[in-house]
Amino acid sequence: MTLRINGFSGMDIDSMVKELMTAKRAPLDKLNQQKTYLSWQRDSYREMNSKVFAFKTKLSATDLFGKTSNMTAQTAVVDGNKDAIKAEASANASSVPMSVNVKKLATKTTVQSTGEIDIKPASGSTTSTKANLNTTLGELNGYTPDTNPAPTDDKPETFQIKVNDIEFNFSTKDTISNVLSKINNSSANVVAAFDEVSGKFSITAKDYGSNKEVKLSEGDYGGSATKTSSLLGLLNLKTAAVQSGQNGEVEINTLDSSGNVVGTNKFTTTDNTLKVNGVSLTLLKETGSTPATVTTTIDTTKAVDTIKSFIDTYNDLLNTMNTKVDEEKYRDYTPLTDEQRSAMKETEITAWEAKAKSGLLKNDDILKETITAMRSVINNSIGQLSSMGITTGQYYEGGKLYLDEDKLKQALQSNPQQLSNVFQGSDGIVNKLSSTMTSTLQKFSDRAGTNRFSGDLSAAFKDESVMGKQMKEYTSRISDLIKRLDDQEDRYYKQFSAMETAMNQLQSQSSSLFGTTQ
């Protein structure tokens, strides 16, 4: 970099160079403005991505609009032994009352320590303390070092066990937490746990039922014939009995209007759940001598609330998209340069940028396609929807939905299933809208680099998207241009420096001549 000083000629070289560079920097300002505008557009896409993702989440089978029980007017009511079962009616639930007798709950096969697992007492002490998750196997009470060869810090003694024929190797340096992690992250299909309160270690089959095993065995010891400790022994599992799992058994009686038994059937369950007469039952405990009774009634409250929420959410998303597509674009308001910002007040900057950011997604093709697809899904079912009090507004309202709540309640009273039939299932409104949202999220991701699996407004953009590549190109072009401008500025200073030197020499020669003449 050239040393920059003003000469003795009285010229303001810095001002002159700055003025010369102003015109040269115009392309740089334009590139920075274009990059800023692209960044604003990406942010706007990410905001839309967040809204679309939130709507898609609510459309999932386990969430608000996709869950069957939220759109049916059928409600299961449990009486009698209410703590024994939980019941949830589907849209096609039968109105026949049922008496439910839970004979056995399904359980999981498990094996648990026969006693408390302790830390080895300190030398000269007989007092032991309960082990914890950070206790190493070498610290456990009952551990005796292998004498052939003697373990060292570099080569700690190893253990091997098999759980359901899956082999695990541990050392005396492994903690109880390490043991749990290795077993639980394996394909042994079990869950290992340690209770720091009781001091007991347990291994339980992941699945319910009598055919799910937990088999434990000692493995090889690496050729050491003098090993005196075993891992199963240290965990008090060597002699622990395996408590075999069992299938659940349920007896269900159908009742007449007087409560008399008119039919009986027995069911077996491996996971404490079953579906009978359109009612999903979850078994919580054995009923004993007091059965639970299940009846279905019509209650429109949840279904109506769900539809009201659906319409509000749908209208909000549709309105946001319509607003973005129709938003006015002020082409005279471009992103401010640093020099422009420095000359403006904060309020002026805010007002300017509000105009500059308007219309970022005006006539955006992705949004327009999504709007069309959403409205098409609704219009294809508008006849059925209208019969339930769900209609669209005037043409200028952009597809906005309206609800006649009383009409919906009346429709559900006469046919509790129809709402679920129209909205849910493979060919329902919810599934079709979910597919539309999935497609839109993918298009956002391809173009702007948004995360189609998250609605996080701070999520990073993907560099390999269309706009991501454009951003990298702008960054590269700006960097190259800055280098060229710096070089040009240096040349200007060198030229002025040379001119200063020449003027000083001329002044010196003039003074010398003048002195000679005198």
Side chains of residues 323-330: which donor-acceptor partners sit under 3.5 Å, not counting sequence neighbours?
{"residue": "Thr323", "atom": "OG1", "partner": "Asn319", "partner atom": "O", "Å": "2.7"}
{"residue": "Glu327", "atom": "OE1", "partner": "Gly359", "partner atom": "N", "Å": "2.9"}
{"residue": "Glu328", "atom": "OE1", "partner": "Tyr330", "partner atom": "OH", "Å": "3.3"}
{"residue": "Lys329", "atom": "NZ", "partner": "Tyr37", "partner atom": "OH", "Å": "2.1"}

With a cut-off of 3.5 Å and sequence neighbours excluded, list every side-chain donor-acceptor pair involving residues 387-399.
{"residue": "Ser387", "atom": "OG", "partner": "Gln384", "partner atom": "O", "Å": "2.6"}
{"residue": "Glu397", "atom": "OE1", "partner": "Gln394", "partner atom": "N", "Å": "2.7"}
{"residue": "Glu397", "atom": "OE2", "partner": "Tyr402", "partner atom": "OH", "Å": "2.5"}

Side-chain donor/acceptor pairs under 3.5 Å, residues 367-379, sequence neighbours excluded:
{"residue": "Glu369", "atom": "OE1", "partner": "Lys443", "partner atom": "NZ", "Å": "2.8"}
{"residue": "Thr370", "atom": "OG1", "partner": "Ile366", "partner atom": "O", "Å": "2.8"}
{"residue": "Thr370", "atom": "OG1", "partner": "Thr440", "partner atom": "OG1", "Å": "2.7"}
{"residue": "Thr372", "atom": "OG1", "partner": "Lys368", "partner atom": "O", "Å": "3.0"}
{"residue": "Asn379", "atom": "ND2", "partner": "Arg375", "partner atom": "O", "Å": "3.1"}

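Using a 4.0 Å cut-off between a side-chain N of Lys or Arg and a carboxylate O of Asp or Glu, Glu405 and Lys409 qualify as a salt bridge. Salt bridge Asp43/Lys357: absent, no basic N to carboxylate O contact under 4.0 Å. Classification of Arg46 and Asp456 as a salt-bridged pair fails, no side-chain N sitting under 4.0 Å from a carboxylate O. Using a cut-off of 4.0 Å between Lys/Arg side-chain N and Asp/Glu carboxylate O, Asp338 and Arg25 are scored as not salt-bridged. Under a 4.0 Å N-O distance rule, the pair Lys308/Asp312 does not qualify as a salt bridge.
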Verify side chain to side chain contact (heavy atoms under 4.5 Å, CB included) between Thr204 and Val214, making sure each step is shown before the conclusion. CA-CA 7 Å; Thr204 305; Val214 175; 5.9 Å; no
Candidate pair Phe170 and Phe159, rule ring-ring contact (aromatic ring centres under 6.0 Å, His included), full reasoning: CA-CA 5 Å; Phe170 303 102; Phe159 304 98; 8.5 Å; no
The test is side chain to side chain contact (heavy atoms under 4.5 Å, CB included); show your working for Thr282 and Glu88 and say whether it passes. CA-CA 9 Å; Thr282 302; Glu88 191 173 86; over 6 Å; no
Would you check, one step at a time, whether the test side chain to side chain contact (heavy atoms under 4.5 Å, CB included) holds for Lys275 with Ser90? CA-CA 10 Å; Lys275 191 170 186 177; Ser90 64; 4.0 Å; yes
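At a cut-off of 3.5 Å, with distance as the only test, no side-chain donor of Asn431 or Ser434 sits close to an acceptor on the other residue. Counting only N and O atoms by type, the side chains of Asp446 and Gln442 include a donor and acceptor under 3.5 Å apart. When only modelled atom types and interatomic distance are considered, Thr297 and Asp299 share no side-chain donor-acceptor pair under 3.5 Å.
The environment of Lys30 atom NZ is sparse: at most 12 non-hydrogen atoms of other residues, nucleotides or ligands sit within 6.0 angstrom.
Using a 30° and 60° split on the angle between ring planes, Phe55 and Phe310 fall in the tilted class, from 30° to 60°. Ring pair Phe201/Phe194 is tilted by interplanar angle, where 30° to 60° counts as tilted.
Interatomic distance, CG of Leu235 versus CD1 of Ile161, reported as 7.0 Å (0.5 Å rounding). Separating the OG1 atom in Thr107 from the CG atom in Asn272 is a distance of 8.5 Å, to the nearest 0.5 Å.
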